[in-house]
Amino acid sequence: MLIPFNKPYMTGKELWYISQAHANGHLAGDGEFTRRCNAWLENYVGCNKALLTHSCTAALEITAILADLQAGDEVIMPSYTFVSTANAFVLRGAVPVFVDIRADTLNIDESLLEEAITDKTKAIVVVHYAGVACEMDTILEIARRHELLVIEDNAQGLGSTYKGRPLGSIGDLAAVSFHETKNIISGEGGALLVNSPRFSERAEMIREKGTNRSQFFRGEVNKYTWVDIGSSYLPSDLVAAFLWAQMEEADEITQRRLGLWNTYHQWFASLEKQGKVRRPIIPPDCQHNAHMYYLLLPDLEQRTAFIHALKQRGIGAVFHYIPLHDSPIGKQYGRTSGELKNTQDLSDRLVRLPLWLGLDEGQVGVIEEVIKTLS
Ligand SMILES: *Cc1c(COP(=O)(O)O)cnc(C)c1O
């Protein structure tokens with residue numbers, strides 16, 4: 001591959017911080033670097049409490065435990081998302097109820113939420129696709145009226161805002177990812193963000209194998225014991241040390257990604273005018289973090305040919321997602337609400353282009369040239 005689809009960006013300070021963690025002699029979770037990262041997130045997002053986890057998947061699993069779901073309870077979410085959004089809730093015996101997405105942002109269509117709600121509905125899980133916010137005011141209003149939890153799968157949206165509010169600070173709970181394909185990374189990694197303080201204490205215990213270990217170490221209780229269900233959801237402090245190097249550069253990383261994103265966006269303006277592609281649409285209330293640049297092609301056939309042609313020239317471009325309601329496990333454990341027309345249509349037509357720091361102007365120029373010859 002001349003230009004791979006993704007290449008993890010390193011700031012250069014990761015190994016230095018890992019060597020500090022090594023020298024500290026604290027390798028397990030919740031050491032000095034984990035504390036720094038948690039505090040950084042609390043400040044950057046403005047959440048009540050942030051807890052590093054070993055993945056966004058793990059953070060979503062904690063939210064599902066916190067939601068106190070009973071078998072058969074329903075959780076509304078888009079079908080157009082990564083499997084972890086649904087898996088976390090299926091693991092608790094809940095039924096994912098898949099709702100269609102909007103054609104403009106590819107986010108859950110808030111106008112379809114009311115009709116998906118039943119007396120078994122317990123939560124709405126929103127996914128800020130490509131780091132572009134869902135229509136949160138409407139979603140929160142509906143959730144409040146029906147007494148539902150709002151959980152943000154903010155795997156892609158760290159650094160983005162909705163009406164000036166950071167994504168991850170809006171729902172009751174949120175999950176972030178530091179997987180190497182995201183903007184700020186630690187290989188595998190994530191965090192749980194707690195906005196409703198009533199969940200803070202329990203979240204901490206669930207993340208620590210269902211124990212009150214953290215309270216014990218703070219001297220708040222005099223015995224350390226099994227107090228809840230839970231698992232081992234915390235990352236090693238070595239991983240947090242790596243992540244700390246990235247957090248220090250978070251704003252610069254976002255700015256540089258936005259530069260690349262805007263370059264792509266300008267080129268494709270004329271192709272869009274000719275009706276050959278559709279570019280991402282960013283609503284005026286949303287500031288995004290340039291997590292992803294995608295194009296929508298006219299149909300599946302043209303998308304397949306486009307990805308193939310780019311591959312022939314050494315450029316990695318990918319599509320996603322196979323809609324969850326169409327997957328073997330989605331069919332077994334979930335149900336749909338209404339027809340999922342946009343989900344079906346857009347998932348067939350979407351292609352993601354390489355967007356990573358280190359992609360230089362020359363390489364971007366190559367992609368532009370190749371795309372011109374194809375169009
Ligand atoms: C990447 C991603 C996840 C999973 O993140 P991990 O950190 O790999 O567990 C979940 N949801 C969405 C929408 C994602 O993009």
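Computed from a prediction, not measured in an experiment: that's the story for all the values here. First listed ligand is number 1; within each ligand, the first listed atom is number 1.
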In this structure, does ligand 1 have an atom that sits under 4.0 Å from one of the heavy atoms of Ala59?
no
Pair Ser177, His179: side-chain N/O donor-acceptor within cut-off below 3.5 Å
no
Taking the basic N atoms (NZ, or NE/NH1/NH2) and the acidic carboxylate oxygens, is any pair closer than 4.0 Å for Asp299 and Arg349?
no
Counting from 1, what ligand 1 atoms have a heavy atom of Gly189 closer than 4.0 Å?
7 (O)
Of the choices Glu61, His54, Lys182, which has the non-hydrogen atom that lies closest to atom 1 (C) of ligand 1?
Lys182
Check ligand 1 against Val127 and write out every atom of the ligand that is under 4.0 Å from a heavy-atom position of the residue.
13 (C)
Which ligand 1 atoms does Ser55 reach within 4.0 Å, using its non-hydrogen atoms?
7 (O), 9 (O)
CG of Leu353 to CG of Leu310, rounded to nearest 0.5 Å, is 7.0 Å
N/O separation below 3.5 Å, Ser177 to ligand 1:
yes
Verdict with supporting geometry, Arg218 and Glu204, salt bridge (charged side-chain N to carboxylate O under 4.0 Å, His left out)
CA-CA 13 Å; Arg218 286 197 299 264; Glu204 200 174 65; 2.9 Å; yes
Write out the residue and atom name of the closest protein heavy atom to atom 15 (O) of ligand 1, then the distance separating them to 0.1 Å.
Gln156 NE2, 2.8 Å
When rounded to the nearest 0.5 Å, the distance separating CD of Glu141 from CG of Leu113 is 10.5 Å
Is Thr57 touching ligand 1 with its side chain, its backbone, both, or neither, if touching means heavy atoms under 4.0 Å apart?
both
Residues Lys341 and Asp100 bridged, charged N to O under 4.0 Å:
no
In the protein, what heavy atom is nearest to atom 14 (C) of ligand 1, and what distance, to one decimal place, separates them?
Ala155 CB, 3.3 Å
Nearest non-hydrogen protein atom to atom 11 (N) of ligand 1, with distance, is Asp153 OD2, 2.8 Å
Below 30° counts as parallel, above 60° as perpendicular, anything between as tilted: where do the rings of His320 and Tyr80 land?
perpendicular
Pick one of side chain, backbone, both or neither for how Cys56 approaches ligand 1, counting any non-hydrogen atom pair under 4.0 Å.
both
Given Phe82, Phe178, Tyr129, Tyr321, which has its nearest heavy atom closest to atom 10 (C) of ligand 1?
Phe82
Just say parallel, tilted or perpendicular for the rings of Trp244 and Tyr17, cut-offs at 30° and 60°.
perpendicular
